[in-house]
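Following: one structure in structure tokens, then a few remarks.
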Amino acid sequence: MTPDTLMTPEKIFLDGKTFIPAEQLPIPEWPCVVSERSQPTLTVKDDDLFFVTDTIGNISGCSLNDGNPSMGLFCCDTRFLNRLELQIEGRSPVLLSSTAEKGFSLSALCTNPKIDERLRAETIGIRREIVLNGALFEEIEISNYSTTTVNFELSLSFDADFVDLFEVRGYDREKRGRLLRLVEPTTEEGIVDSVSTLPKDPSTFREESLTLAYQGLDGSVMESRILFQHRQPDHFKGYTAVWQLELPSHETHKLGYRVNMLKNNQSSSTVSAAITLGQAKAAELMEEQNWVQQITRISSDKNTFNRVIERAEQDMYLLRQSFGKYKTVSAGVPWFSTLFGRDSLITASQTLMLNSQIAKETLILLATYQGKIEDEWREEEPGKILHELRLGEMARCQEIPHTPYYGTVDATPLWLMLYAEHYAWTHDQELLEQLWPNALAAMEWIDRNTKENSYLSYFRKSKRGLVNQGWKDSGDCIVDHKGELANGPIALCEVQAYVYAAKMRLAEIARMKKRLDLADRWQEEARSLKVRFNRDFWVEDQGFCALALDGDGKPVNSITSNPGHCLHLGLFTHERAYSVAERLRAPDMFNGWGIRTLSSLSPAYNPMGYHTGSVWPHDNALIAMGLRSLGLIDQALEIFQGLFDMTSRQPYQRPPELFCGYERNGDNAPVQYPVACTPQAWATGSIFQLLQMMVNLVPDAQNNCLRIIDPALPESINRLSFHNLRVGPTILDLEFERSGTTTACRVAKKRGNLRVVIEA
């Protein structure tokens, strides 16, 4: 609550505005058009806003199958619009074409259905453009392509339920806040609502607005304020704006509005909103251009490949999100548009060659939230890195523990790995020193949690926390070879590899800092872990690594993709690494597009299962890095080719969060997972990790050196170039060219004194 808020049982006074409970002032409703089938969607995002609509830009107020729950305008985990419906004479427009190609804007071209005898079908053109930039902007152009003047009614219906994102996702709430109505000051006739009919004389029009409001259980007042631009509505019916249009032949009218989202009369978005759509679009394009100038620009001799790379570059820009004065990548739209531990860290690691600033700000942000106390509800512990931060009403009211929530076992070692990787790319000594206390606290958390059984494991403590706390965090995915669920605490194989890598890499930094006591200790602990791991996790009769150890220390012996994460981190003995690599490429694991999360021979296999048979691009990119580290270059390139072929068949050439595990057969397209996030951070980042796998860059900025070891382009690409690649203070351009099975590298340009060593 702000200091300027006064509340009584009947009224709320907020900075000069008066609200009353919605039930005290019923308003007329405008009928919605019923959709008989599930609608495909368009998604746009800008920083902390995202917007999901059907393909004509509408969010209908009703459907026969409850519609798509993810539709709406969201900011800070709150839905500020759950209806935005354009109608012509009470009917839905007919879609001609639409796109969300730009990511922060969508456009749709529609026409009219036949309306009685007075308006023939397909005579009115309706062009919609919607842009996000701290607010939602829309401009609508209506053109008459008939030979006579036409008269018709156009309406825009709005509604806002202000539902928390977790409620949209299916979480139950015992109680909700209350919807409000904004009212004008009391007159002699009594209360006047804020959507009363406007004057008919256009010369008397002023900018009119609609306000939809809600008071949460924490007392916060949320508002969606809609301000109309260009031509004002002729009248309102409830929260529906209505225009009576008279269009001469081949004349065009323009309508528009802006939706601002407020919490306690302050903007909910961290982005300063523009005034008009044109300004919003210009601001977005300028910011995107600045981003493009800062990143490594990558291109090849193949147009399809270039489109995939360009989309990935643009999506990394779109997924960036502000948290205070820093930005990192949110995990994915629609469900995970927030700060994550594991997801943000892996994505930052994947994109170090694209822009190391992502990693820098991710490290600082997560260090800011690093655990300080013991708190079972949030699963917080000193030194622990968070899992997920939420800002909605349910978090503010402590109905969920995400304030932030710390229920992840792998984010802490992943933070340490990124800390070391970022230094290798940048030689940023200032950041290394700034975050050294955080690194020590993170390592102490690992050590405390490995004392009992020698391995880093998890077991849920919070009643609203996650049962599984690795990257496969659905409830049904930690199964043995019989398909039966394992009992905790669970020690995942890949988490032990992260711990091993963290200790080895931090030992090097400690040695550099003359902390030989720490360097020797961490190195010895890593060596000991490697010996124990290869003894305890190895399943001899399968020639494969267990997914995990269960609460009794027994191997969870299903065939999964998880051991593939260990391959490039050095935890396996040489022979066992090759055995794992070979098994992952068997037909029950590799489906032609990528490696499945779970073997198709498992009783728990489901090609549509979230973690029990699906294929994840980031999972495969990590495995490809492992294959490459073992010298299995052809096998690594096979994974690249499968993922590239899959991505090139997706809308906008954008890799999804995951796709179904069905076998690749002939010309059949990859089968989409029904509710995959798109764009999604580590799926997008996998594009850059696969490029890194191909050219095999090994930076050592501290020693002013970049090694390029045996680069290898796939047969589908002949030439690949990197412009504006940064290693330490040096900027360089690299060119790779394939001739048969050999790939040559040339330093085309260099600004700085970095030594580039090319090893074939």
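Along the sequence shown, residues are numbered consecutively beginning with 1.
A salt bridge links R311 with E101: the distance from a Lys NZ or Arg NE/NH1/NH2 to an Asp or Glu carboxylate oxygen falls below 4.0 Å. Looking at R738 and E715, no side-chain N of the basic residue comes within less than 4.0 Å of a carboxylate O on the acidic one, giving no salt bridge. A salt bridge between E540 and R576 is present, with a side-chain N of the basic residue lying under 4.0 Å from a carboxylate O of the acidic one. One finds a salt bridge joining E287 and K327 here, because a Lys/Arg side-chain nitrogen approaches an Asp/Glu carboxylate oxygen to under 4.0 Å.
Here the side chains of Q692 and Q350 are not in contact, with every heavy-atom distance at 4.5 Å or above. Residues Y423 and Q702 are in side-chain contact: their nearest non-hydrogen atoms beyond the backbone lie under 4.5 Å apart. No side-chain heavy atom of E737 sits under 4.5 Å from any side-chain heavy atom of R746. The closest side-chain heavy-atom distance from V329 to T351 is not below 4.5 Å. At a threshold of 4.5 Å between non-hydrogen side-chain atoms, the residues N696 and R628 count as touching. Contact annotation: the side chain of T597 never approaches that of L658 to less than 4.5 Å [non-hydrogen atoms, C-beta and beyond].
Interatomic distance, CG of L627 versus CD of E638, reported as 9.5 Å (0.5 Å rounding). L643 CG to D619 CG: the interatomic distance, rounded to the nearest 0.5 Å, is 10.0 Å. The structure places CD1 of I595 at 5.0 Å from CG of N620, a figure rounded to the nearest 0.5 Å.
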Would Y610 and E657 satisfy side-chain hydrogen bond (donor to acceptor under 3.5 Å, both in side chains), going step by step from the backbone distance to the final call? CA-CA 10 Å; Y610 195 56; E657 175 187 16; 2.6 Å; yes

Show the numbers, then the answer: is there a salt bridge (Lys or Arg N to Asp or Glu O under 4.0 Å) between D733 and R751? CA-CA 9 Å; D733 298 348; R751 285 138 287 178; 3.0 Å; yes

Could you walk me through whether E421 and R505 satisfy the salt bridge (Lys or Arg N to Asp or Glu O under 4.0 Å) test, starting with their C-alpha distance in whole Å, then the side-chain angles of each, then the deciding distance to 0.1 Å, before giving a yes or no? CA-CA 8 Å; E421 289 167 9; R505 293 171 188 181; 2.7 Å; yes

How far apart are the C-alpha atoms of R532 and Q496, what are their side-chain angles, what is the distance that settles it, and do they pass the side-chain hydrogen bond (donor to acceptor under 3.5 Å, both in side chains) test? CA-CA 10 Å; R532 285 183 281 106; Q496 315 318 313; over 6 Å; no

Assess whether salt bridge (Lys or Arg N to Asp or Glu O under 4.0 Å) is satisfied between D588 and R583, documenting all intermediate values. CA-CA 9 Å; D588 62 313; R583 184 65 184 86; 2.8 Å; yes

With ring pair (Phe, Tyr, Trp, His ring centres under 6.0 Å) as the test, would you mind laying out the steps for F572 and Y578 before giving the verdict? CA-CA 9 Å; F572 285 122; Y578 278 98; over 10 Å; no

Start with the C-alpha distance between D447 and K503, add both sets of side-chain angles, then the distance that settles salt bridge (Lys or Arg N to Asp or Glu O under 4.0 Å), and finish with yes or no. CA-CA 10 Å; D447 291 342; K503 285 188 179 287; 2.8 Å; yes

side-chain hydrogen bond (donor to acceptor under 3.5 Å, both in side chains) between Q641 and D645, intermediate numbers included: CA-CA 6 Å; Q641 197 62 53; D645 292 345; 3.1 Å; yes

Could you walk me through whether F537 and Y455 pass ring pair (Phe, Tyr, Trp, His ring centres under 6.0 Å), step by step? CA-CA 11 Å; F537 277 77; Y455 295 112; 5.2 Å; yes

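Partner of H387 under the ring-ring contact (aromatic ring centres under 6.0 Å, His included) criterion, out of W471, F340, Y458: F340 alone. Under the salt bridge (charged side-chain N to carboxylate O under 4.0 Å, His left out) test applied with D517, the options K514, R521, R515, K513 reduce to a single match, R515.
The aromatic rings of Y419 and W415 sit parallel, their planes meeting at an angle under 30°, below the 60° perpendicular limit. Between Y498 and H565, the ring planes lie tilted relative to each other; the angle falls in the 30° to 60° range.
Aromatic rings of F688 and W682 (six-membered ring for Trp) have centroids beyond the 6.0 Å cut-off, not under it.
A donor-acceptor pair is defined here as one N or O able to donate and one able to accept, closer than 3.5 Å; no such pair exists between the side chain of R654 and the backbone of T678. Of the possible donor and acceptor atoms, one in the side chain of T743 sits under 3.5 Å from a partner among the backbone N and O of L713. For K530 (side chain) and G570 (main-chain N/O), a donor-acceptor pair under 3.5 Å exists by modelled atom type. For the pair R596 (side chain) and P607 (backbone), a donor-acceptor distance under 3.5 Å is absent. The closest donor-acceptor contact from the side chain of N704 to the backbone of N753 lies under 3.5 Å. Using a distance-only test at 3.5 Å, with no hydrogens or angles considered, no donor-acceptor pair links the side chain of S344 to the main chain of T362. Between the W291 side chain and the E313 main chain, a donor and an acceptor come within less than 3.5 Å of each other. Distance alone, capped at 3.5 Å, places no donor-acceptor pair between the N591 side chain and the P587 backbone. Remark: the backbone N or O of P679 is not paired with any side-chain donor or acceptor of D315 at under 3.5 angstrom. A donor-acceptor pair under 3.5 Å links the side-chain atoms of Q370 to the main chain of N438, judged by distance alone.
Around atom CD of E430, no more than 12 heavy atoms belonging to other residues, nucleotides or ligands sit under 6.0 Å away. The number of heavy atoms from other shown groups lying within 6.0 Å of NZ (K749) does not exceed 12. By the neighbour-count criterion of 12 heavy atoms within 6.0 Å, atom CD of Q434 is densely surrounded, having more than that number from other residues, nucleotides or ligands.
In summary, the side chains of N703 and D700 do present a donor paired with an acceptor at a separation below 3.5 Å, with no hydrogens or angles considered.
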